[in-house]
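Order of the sequence lines sets the chain letters (A, B, ...), proteins ahead of strands, with each chain counted from 1.
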Amino acid sequence: MARSWLDYRTEAWVQWCPGCGDFGILNSIHKALAELDIDPKRLVIVGGIGCSSRSVYYIRGSNVHTIHGRSIPVASGIKLANPELTVIVVGGDGDILGIGGGHFIALGRRNIDIAVLIFDNAVYGLTKGQAGPTLPVWVKTKALPYPNVQGNINPLLLAFASGYTFIARGYAYHVNQLKDIVKAAIQHKGSAVVDILQPCPTYNDYMTSEWYEKRIYYLKDEDPTWDPAIRSIDEYRVKAPRIVEKMLEFGDRIPLGIFYQDLTRETLEDRFEKLTPGYLSSPPAKRPISVDSKPLVHPFKLFKDKVLVT
Amino acid sequence: MKIPQGEVRLRLIGAGGHGILLLGNIIGSAAAQFAGIEATMVIAYSPAQRGGWSRADVIVSREPIDFPIFDNPDVLVATTQETYDLEYMNVVSGGLIIYEKDTVTPKPREDVTQLGVEAFKTAINLGFRMSANMVLLGFLNGTLGLLPEDAMMSAIKARVKRRVDVNLKAYMEGVNLAKGVKL
Amino acid sequence: MAERISLLEAVEKKEALLEPGVYFMQGNIASVEAALIAGCRFYAGYPITPSNEIAEHMSRRLPQVGGVFIQFEDEIASIMALIGAAYGGVKSMTATSGPGFSLMQEGIGCAFMIEAPIVIVDVQRGGPSTGLPTLVGQGDIMQAKWGSHGDYEIVAYLPSSVQEMFDLTIEAFNAAWEYRVPVIVLTDQRVGQMIEKIEVPPYEEIKIVVRRKPEVPPEEYLPFDSRYLVPPMAAAGEGYRFHVTCLTHDDRGYPTTSHNISRKLVSRLVAKIRENEKVIGRYESYLADDAELIIIAYGITSRAARRAVKEARREGLKVGLFRPITAWPFPYWGLKEHVDRGAELLVVEINMGQIVRVIREYYNNITKIHFMPWAPGEVPRPSDILLKIKEVYPR
């Protein structure tokens, strides 16, 4: 019997402010997981620190709530130890693009099969509204005494430059559309990122739902022929300029949807399989290392004289 | 020189590419793996990134070795004038210096024995210049009787990656050159 | 069923470990081979001198035993990936040196709080800061214990030979998985990079600790079950659903601000080590029984000290050596009988005073504690120590 989205809830009390965009995002994740019928026992949600990272408590899985900014490395460790798991990273723009920015870039170039969901509200909600890395310059939200003097990151372009093979943007209050995007991100084989625009009604009084809803539109609605899939290098050459142009668009109009999905690049797991045949069928998590508390062994005679290093 | 009863401290030094570290590894390996005694080795490099010297400080001993680091070797093997000049005064009184005759002009030290070997020439005659370090090894072991021949030969076979036969031959040449040398 | 690979299959897959025997091997390499024998199948790290041989050798060897080697973007990512691998059910390790070890501190605290068993080899170099990348130091002793914030206990070994790089790395893995804690092999540049004779014992003599898995049905599983001192650990994908967090948490792994739960949690976490300090803590004494002056030294320094002790004895001075094999927990009890009969202490270490503070903590005002600080970059020679012995020797 297929699972319902209710099967992915947990008994934990959801601790977010009323009207928070996180509710919509959580709901779309629950629904995406249900539609994909992912076994909660094979699901891992990893979060850092921040309001949104608390989602790890609200989704049924074997979940790790780590320290600030470090969810991507933890997720990478779990996924590489056991590539059979479905691994999803949840976190805010501050967690993933601010303090964890280096790890975000590195995941792209590795192309590990992990979906990164950025709950992007441009502020640090948990610490009462400081400017996040996606808050535009000269914007003054209510917690800031003066306008923001730092510029903002473009998460999509950063992901594109880093090598992510699936790049999308969603909107927190469009639960059904977001669910479809999250589904596609989870299904994608490789590093996927979804930048989820999300009003913070408590601290971001500039990028409000009204502000967003005046600007957002779906790529597919504007251009029904929009197809983000890249199946060959030629297709990449033809499509890349238009994709980048759309990624750059963030102002009076903000496009949503799947911008880019590269189907040509192998995952890190595939590369390990090439390097170590058998990696995918018997990954480290499944290999016995001892028998009766003794090392599990096959002494490697050929190796004996080669281990010595000068 | 008198062979020390406890630890024998060897300092091997030469230009990068002279196979100094391999030499140290073979001595240590011969002692530890094939002669069943103790050995340590500490490596140092000149501060220059390339074209500098490398140094292997090896101790072989029948007893467990307390401290692998030393300042004054019992035996010095030097393959270049620069490294010879750097180290010849450090050798203990009553010690031994073995140097490459082609490249080193020895300096006076009355209290140590100094022996020159034409290791490069011997190796070139064998058709493999890179085996000069094996000539030195053979000469060193032939002179000192440091370790049993078969332990050295086994260590060479285990450690040398290319042209084992020539290297073994070079080693034996070195041993032959040491015949008749009196300490 | 798929969980089990037969021995034969393992052989075919070349699950190849270093075979028992005598080797002439570098300390860093010995640590790698020991880790593989202990069951390490995941390594994440970032290049740093003088620990690089560990990563290099791991990168070659791990694929040969079906493991994963990955170079990360920094030491922070590396240690966090180890925590991830541990929760994937895999034994994991990293190696670093001073600056990288500093970057790992928050992750070490996280591993302690989340009870993730991981092993870190810190090949100490000269500091402070970038200091002397290629030369020896022993300045990370206190960082190993106090580097992360909050209350925690750590296990740190102090190998002094290549043989101990091998033996103590296996022990480090065993302690990590026995107590679900991060464990540090706190070696130094000299011991890590020296080459020495070692003996790999027959495998029947090597004990390997494996993860204690939960025996309860999944609905009843608690990742931080406080009925145990060390709760059984489920790995992701094994059928147990769980939340684990670095926040203060209850037995279910949910965050809490309850003082009562905080007290219980932190008490249990530190008790894992404190209650077992005499099981974990180890030391070695040499000629200490009748000594009037006992030198306390560890790592490479202990080997110079041992020689100095011999020379002092030759000159008729009753000097002995106390060598802690674990820095943390510190085996303070091993000194008690000597101090009680009036022996004075002389601490020699390649720093400006770290273990000496621990000695003072236990024996200040009970006996005289002498100290010989030594700046990083070089190891004090036996003659230097002998000079100090003569200076402070009780008359």
Side-chain angles (χ1 to χ4, degrees), chain A residues 10 12 40-42 44 46 54 56-57 60-67 69-82 84-85 102-103 105-106 110 268 272 275-276 278-279 282-291 293-301 303-304 307-310, chain C residues 2-5 7 10-11 13-19 23-26 29 33 37 39 41-42 44 53 57 63-64 66-68 70 72-74 76-77 80-85 87-91 106 110 203-204 206-208 210 235-237 239-247 254:
Chain A
T10 69
K41 287 173 180 158
R42 313 205 69 77
V44 176
V46 186
R54 300 184 69 93
V56 295
Y57 300 112
R60 191 168 285 264
S62 298
N63 303 346
V64 188
H65 188 209
T66 71
I67 52 177
R70 317 303 171 199
S71 48
I72 287 176
V74 173
S76 304
I78 293 191
K79 181 70 182 180
L80 294 178
N82 188 355
E84 291 174 9
L85 301 170
H103 310 310
I105 291 170
R110 293 192 183 110
L268 187 67
F272 275 128
L275 200 68
T276 328
Y279 166 73
S282 46
K286 298 201 154 184
R287 285 180 180 245
I289 50 167
S290 66
V291 171
S293 297
K294 300 286 175 270
L296 176 59
V297 261
H298 160 50
F300 195 1
K301 289 191 174 61
F303 191 66
K304 186 176 174 183
V307 297
L308 308 138
V309 165
T310 53
Chain C
E3 305 282 310
R4 298 193 70 85
I5 301 178
L7 205 64
V11 168
K13 285 180 196 303
K14 287 197 177 161
E15 305 252 332
L17 306 178
L18 187 64
E19 70 170 9
Y23 298 89
F24 189 59
M25 189 182 278
Q26 200 202 48
I29 306 291
E33 292 297 338
I37 287 172
R41 295 294 180 270
F42 185 89
E53 293 87 1
H57 198 60
Q64 296 174 342
V68 167
I70 182 162
F72 266 93
E73 55 275 14
D74 54 32
I76 300 173
M80 297 312 291
L82 299 195
I83 295 171
Y87 268 102
V90 175
K91 289 190 177 181
E106 192 188 5
C110 170
Y203 293 134
E204 307 86 75
I206 300 176
K207 185 181 161 247
I208 303 295
V210 292
Y240 291 88
R241 182 182 75 80
F242 56 80
H243 295 99
V244 290
T245 179
C246 299
L247 286 166
Y254 285 118

Participant: Using a 4.5 Å cut-off on heavy atoms from C-beta on, say whether the side chain of C/I83 contacts that of A/R70.
Facilitator: no
Participant: Among the options A/S76, A/P284, A/A81, pick out the one with the most heavy-atom pairs lying under 4.5 Å from chain C.
Facilitator: A/P284
Participant: Please determine whether side chain to side chain contact (heavy atoms under 4.5 Å, CB included) holds for the pair A/T10 and C/R241, giving the CA-CA distance in whole Å, both sets of side-chain angles, and the decisive distance to 0.1 Å.
Facilitator: CA-CA 10 Å; A/T10 69; C/R241 182 182 75 80; 3.8 Å; yes
Participant: Of the backbone (N, CA, C, O) and the side chain (C-beta and beyond), which part of C/V244 lies under 4.5 Å from a heavy atom of chain A, both, or neither?
Facilitator: both
Participant: So which part of C/L247 gets closer than 4.5 Å to some heavy atom of chain A, the side chain, the backbone, both or neither?
Facilitator: side chain
Participant: Given A/T66 and C/Y87, is the side chain to side chain contact (heavy atoms under 4.5 Å, CB included) satisfied, shown in steps?
Facilitator: CA-CA 12 Å; A/T66 71; C/Y87 268 102; over 6 Å; no
Participant: Given heavy-atom pairs under 4.5 angstrom as the criterion, report whether the side chain, backbone, both or neither of C/A77 touches chain A.
Facilitator: both
Participant: Test C/Q64 against A/T276 for side chain to side chain contact (heavy atoms under 4.5 Å, CB included), laying out the working first.
Facilitator: CA-CA 8 Å; C/Q64 296 174 342; A/T276 328; over 6 Å; no
Participant: Let's test your reading of the structure: which of A/N82, A/I67, A/L85 forms the most heavy-atom pairs below 4.5 Å with chain C?
Facilitator: A/I67
Participant: Could you check if a side-chain atom of C/H243 sits within less than 4.5 angstrom of a side-chain atom of A/R60, using non-hydrogen atoms only?
Facilitator: no
Participant: Taking the side chain as everything from C-beta on, heavy atoms only, tell me whether A/P73 gets closer than 4.5 Å to C/I76.
Facilitator: no
Participant: Where is the tightest heavy-atom contact between C/G88 and A/A285, given as atom of each residue plus distance?
Facilitator: O-CB, 3.3 Å
Participant: Less than 4.5 Å to any heavy atom of chain C: does that hold for the side chain of A/S290, its backbone, both, or neither?
Facilitator: side chain
Participant: Is it the side chain or the backbone of A/Y57 that comes within 4.5 Å of chain C heavy atoms, both, or neither?
Facilitator: both
Participant: Using modelled atom types and a 3.5 Å cut-off, is there a donor and acceptor pairing between side-chain atoms of A/S62 and backbone atoms of C/Y240?
Facilitator: yes
Participant: Which bit of A/L268 is near chain C, if near means a heavy-atom gap under 4.5 Å: side chain, backbone, both or neither?
Facilitator: side chain
Participant: Are any of the side-chain heavy atoms of A/N63 and C/F242 separated by less than 4.5 Å?
Facilitator: no
Participant: Check whether A/L80 gets within reach of chain C through its side chain, its backbone, both or neither, counting any heavy atom under 4.5 Å.
Facilitator: both
Participant: In the structure I gave you, are the side-chain heavy atoms of C/I208 and A/K294 within less than 4.5 Å of one another anywhere?
Facilitator: no
Participant: Heavy-atom pairs under 4.5 Å with chain C - which of A/R110, A/R54, A/K41 has more of them than the others?
Facilitator: A/R110
Participant: Give, as side chain, backbone, both or neither, the part of A/V44 having an atom under 4.5 angstrom from any heavy atom of chain C.
Facilitator: side chain
Participant: Can A/R287 and C/V90 be said to form a side chain to side chain contact (heavy atoms under 4.5 Å, CB included), step by step?
Facilitator: CA-CA 9 Å; A/R287 285 180 180 245; C/V90 175; over 6 Å; no
Participant: Is chain A contacted by the side chain of C/F42, its backbone, both, or neither, given a heavy-atom distance below 4.5 Å?
Facilitator: side chain
